[in-house]
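In what follows, chains carry the letters A, B, and so on, assigned in the order in which the sequence lines appear, proteins first and then strands, with residues in each chain numbered from 1.
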Amino acid sequence: MSDVRTRFAPSPTGFLHVGGIRTALFAWLIARQAGGTFILRIEDTDQAREVQGSVDHIQESLKWLGLNWDEGPYFQSKRLDTYKKYAQQLIDSGRAYADPYTPEQVQEFREEAKKEKKPFLYRNHRPENPPVWDGSKPLRFKSNPKEHSWHDEVMGDLHSGEEVIDDFILLKSDGFPTYNFCHIIDDHEMKVTHVIRGQEFLASVPKYLNLYEALEIKPPVMATMPHIMSEQGNKKLSKRDGAKDILDYRDEGYLPESMINFLATLGWNDGTEQEVFTVNELIKKFDLSRIQKSGAQFDERRLLWINGAHIRNLSLNDLYEKVTIFWPEEAKKTDESYRKEVLALVQERLKYFAELPELTRFFFADLPVNPGLISGHKQLKKYEAPQLKELLEKARDSLEQSDFSVEDLKERLNKLLESTSEKPAVLFSLIRIATTQSPASPELTGSLHVLGKEKVLARIDQQLQAL
RNA sequence: GGUCUCAUCGUCUAACGGUUAGGACAUCAGGUUCUCAUCCUGAAAAUCGGGGUUCGAUUCCCCGUGAGAUCACCA
């Protein structure tokens, strides 16, 4: 096993949406590609924002996608002693001090600076003789204002000035560490080699580098992912703006490999014209340096197309296993071989499983005659009812003689076209409508074959009566 | 407002300074014996603006403009 170690570190404040999942995916791909270790860490240091059940929900989401982790989940709330140890180290080395001010006072400083149109820096108010830290006050980092230069695997070489370096809080007055502090400790203790995170953290990297120096820790490789933007394209995708729970996609019948394909190619490509990737191909081909620097808009239509492509690549048996819960109610009493025949017919037109019921219901239930299908048909509506009746009766007579093999059905329908000298658009539409009573259905002979003689004739009779 | 990042068809993107700026999704039009879909063919569709550098800029530099992020005892 290589020493590459990556982590996904969500906070348990609700469900995961595509943005968070993509960060997890890229970290996972790096670990898997290198034969390294993928770690799950729960950043639960903000008790106020914690949402019940979200830890389970997060794990369920990752499991659905197959983003399996090798270590964890670790919980930061169970590691407070570790953070205190490092905090003490910083106090001892003179790089941390007790914050003597109340939040209100700090807020005043902030407003003062704003009034003077100057950027607010806490360190301008750094107390000369801070009180001894007893845990009742926040513990602040005593920063060392300086310029920082560093490399980001995605963004390239970056540089920042000393004006962005400030004294930030390490430990809150409730004893919990801030993210800014504990993620650095954890990444170090867990020997994380590659930190993959969203662009919202980019502006904070200089202050992390400052802290790394104070702790004498070598920073990991850093890679900043551009944001996934909302479909309006004007802001970072977030729960507030209606980003969906990733598990909603599972419940609508998207394949996990489709979601992974979609998210991986949103802001990344392998340099070829390949669009559809299996997960294994992604593990092999993924490369941080080919990640786009700019944010990409989330386009669900593209996800839909990718999902259709993956569905078509599935073997019938695989597909059958995956659609189990999506069959229409009426299908439950039919046997497996019949459902598989139906599935084989609709596989090429299925884009997500939730549309399975509307696509297949007529195979399982006798639907009432729907006159709108004929009156709304651009060819059939030109015909009078008696003409249609005569035509359908001829079809019935011929089908009654059939053994209902696909070959025989094809042959009979072709002969019928000749003998009636009707266009396929008329004859086939009529038979299709009579036997399916649905606006859309798979190709005709296959559908007739699967439905079987008994049902087909009965449905034609039903249609004849209505004409 | 300060700071940071980014900028190619509507969308996702390709193009070691030299291409008729390519592909995919979506759209539209044809075709594949019926519908919906698949598949095939075709159409329309882009280098944000201005300056440089260069024989030559989508590509390098500068200035604008636009977009996003960030400036918490949230992560």
With sequence neighbours left out, the residues meeting side-chain contact (heavy atoms from CB on, under 4.5 Å) with A:Lys410 are A:Val406, A:Thr445

Tell me, please, whether A:Tyr320 has A:Lys340 positioned over its six-membered ring: NZ or CZ under 6.0 Å from the ring centre and within 45 degrees of its axis?
yes

Run through A:Phe326, A:Phe262, A:Tyr249 and flag the one making a ring-ring contact (aromatic ring centres under 6.0 Å, His included) with A:Tyr254.
A:Tyr249

Could you let me know what B:G10 is paired to, Watson-Crick or G-U wobble, both distances under 3.5 Å, or none if it's on its own?
B:C25

Give a yes or no answer on whether the side chain of A:Ser402 reaches the backbone of A:Phe404 with a donor-acceptor pair at less than 3.5 Å.
yes

pair_partner(B:A67), Watson-Crick or wobble, both distances < 3.5 Å, evaluates to B:U5

Can a donor-acceptor pair be found between the side chains of A:Gln199 and A:Lys236 at a distance below 3.5 Å?
no

Does B:U54 pair with anything, Watson-Crick or G-U wobble, both distances under 3.5 Å, and if so, with which nucleotide?
none

Rounded to whole Å, how long is the line connecting atom CZ of A:Phe168 with atom P of B:A72?
13 Å

Can you tell me how far P in B:U27 sits from the matching atom in B:U70, rounded to whole Å?
34 Å

Return yes if a side-chain donor-acceptor contact under 3.5 Å exists between A:Gln76 and A:Arg79, otherwise no.
no

Quick test of your reading of the model: are A:Lys415 and A:Glu411 salt-bridged, counting only N-O distances below 4.0 Å?
yes

For B:C16 versus B:C73, give the span between their C1' atoms, rounded off to a whole number of Å.
50 Å

What I'd like to find out is whether the side chain of A:Leu209 reaches to under 4.5 Å of the side chain of A:Met222, using heavy atoms alone.
yes

Atom-to-atom span, CD of A:Glu163 to P of B:C4 - whole angstrom
7 Å

Taking only the P atom of each, what is the distance from B:C60 to B:A14 in whole angstrom?
14 Å

Using a 4.0 Å cut-off on protein heavy atoms (strictly under), produce a 5'-to-3' string for nucleotides 6-15 of chain B with B for base contact, S for backbone-only sugar-phosphate contact, and - for none.
SS--BSSSSS

Tell me whether the centres of the aromatic rings in A:Tyr208 and A:His183 are closer together than 6.0 Å.
yes

Going 5' to 3' through nucleotides 38-46 of chain B, assign each nucleotide B (protein heavy atom under 4.0 Å from a base atom), S (under 4.0 Å only from sugar-phosphate atoms) or - (no protein heavy atom that close).
SS-------

Between the protein and nucleotides 73-75 of chain B, which nitrogen or oxygen pairs come in under 3.5 angstrom?
residue: B:C73; atom: O2; partner: A:Ser173; partner atom: N; Å: 2.8
residue: B:C73; atom: O2; partner: A:Ser173; partner atom: OG; Å: 2.8
residue: B:C73; atom: N3; partner: A:Ser173; partner atom: OG; Å: 2.9
residue: B:C74; atom: OP2; partner: A:Lys172; partner atom: NZ; Å: 3.1
residue: B:C74; atom: O2'; partner: A:Asp46; partner atom: OD2; Å: 3.1
residue: B:C74; atom: O2'; partner: A:Arg49; partner atom: NE; Å: 3.0
residue: B:C74; atom: O2'; partner: A:Arg49; partner atom: NH2; Å: 3.1
residue: B:A75; atom: OP1; partner: A:Thr45; partner atom: OG1; Å: 2.7
residue: B:A75; atom: OP1; partner: A:Lys172; partner atom: NZ; Å: 2.9
residue: B:A75; atom: OP2; partner: A:Tyr179; partner atom: N; Å: 3.0
residue: B:A75; atom: O3'; partner: A:Glu43; partner atom: OE1; Å: 2.9
residue: B:A75; atom: O2'; partner: A:Ser11; partner atom: OG; Å: 3.4

Which atom pairs, donor and acceptor, lie under 3.5 Å between side-chain atoms of residues 349-359 of chain A and protein residues at least two apart or in another chain?
residue: A:Arg349; atom: NH1; partner: A:Ser441; partner atom: O; Å: 3.3
residue: A:Glu355; atom: OE2; partner: A:Lys351; partner atom: N; Å: 2.5
residue: A:Glu355; atom: OE2; partner: A:Tyr352; partner atom: N; Å: 3.4

Within residues 365-377 of chain A, the residues having a heavy atom closer than 4.0 Å to RNA chain B are none

How close or far is atom C1' of B:C4 from atom CE of A:Met225, stated in whole angstroms?
18 Å

Does B:U20 have a Watson-Crick or wobble mate here (both distances under 3.5 Å), and if so which one?
none

Using a cut-off of 6.0 Å, state whether more than 12 heavy atoms not belonging to A:Gln52 lie near its atom CD.
no

Minimum heavy-atom separation for A:Arg459 and A:Thr435, please, with both atom names.
NH1-O, 2.9 Å

May I have the distance from A:Gln274 (atom CD) to B:G22 (atom C1'), rounded to whole angstrom?
17 Å

Students often get this wrong, so: under 4.0 angstrom with heavy atoms, is A:Pro206 touching a base, only sugar-phosphate, or nothing?
nothing

Rounded to whole Å, the CG-C1' distance (A:Leu304 to B:U27) equals 15 Å

Rounded interatomic separation in angstrom, taking CD1 from A:Ile165 and P from B:C4
12 Å

Is the backbone N or O of A:Gly198 less than 3.5 Å from a side-chain atom of A:Thr23, with the two atoms forming a donor-acceptor pair by type?
no

A:Asn261 side chain vs A:Phe277 backbone, donor-acceptor pair below 3.5 Å:
yes

Holding to ring pair (Phe, Tyr, Trp, His ring centres under 6.0 Å), I want the full list of residues that pass it with A:Trp327, two or more places apart in sequence or in another chain.
A:Phe364

N/O contacts under 3.5 Å, protein versus nucleotides 60-66 of chain B?
none

For B:G30, the Watson-Crick or wobble counterpart (both distances under 3.5 Å)
B:C40

Please measure how far the C1' atom in B:C61 lies from the corresponding atom in B:C71, and state the result in whole Å.
30 Å

Before giving the answer on salt bridge (Lys or Arg N to Asp or Glu O under 4.0 Å), spell out for A:Lys207 and A:Asp166 the whole-Å C-alpha distance, their side-chain angles and the decisive distance to 0.1 Å.
CA-CA 7 Å; A:Lys207 62 184 180 189; A:Asp166 198 10; over 6 Å; no

Tell me whether A:Asp299 is salt-bridged to A:Arg302, with the criterion being a basic N under 4.0 Å from an acidic carboxylate O.
no

Qualifying residues under ring pair (Phe, Tyr, Trp, His ring centres under 6.0 Å), relative to A:Tyr101, sequence neighbours excluded
A:Phe109

Using ring pair (Phe, Tyr, Trp, His ring centres under 6.0 Å) as the criterion, list what pairs up with A:Phe181, not counting sequence neighbours.
none

B:G66 to B:A44 separation - P atoms, rounded to the nearest Å
33 Å

Hey, does A:Ala203 reach any base, or is it just sugar-phosphate, or nothing, if we go heavy atoms under 4.0 Å?
sugar-phosphate

Tell me: CG of A:Asp157 to P of B:U5, nearest whole Å?
11 Å

Using atom P in both nucleotides, what's the gap between B:A46 and B:G10 to the nearest angstrom?
7 Å

A:Asp167 side-chain N/O to A:Arg123 backbone N/O, donor-acceptor pair under 3.5 Å:
no

Any residue of residues 404-426 of chain A with a heavy atom less than 4.0 Å from an atom of RNA chain B:
A:Asn414, A:Leu417, A:Pro424, A:Ala425

Integer angstrom distance from the P of B:U3 to that of B:U8:
24 Å

Determine the Euclidean distance between corresponding P atoms of B:C63 and B:C4; express it in Å to zero decimal places.
12 Å

Round to the nearest Å and state the distance from A:Leu430 atom CG to B:C34 atom C1'.
10 Å

Under the ring pair (Phe, Tyr, Trp, His ring centres under 6.0 Å) test, residues paired with A:Phe8 that sit two or more places apart:
none

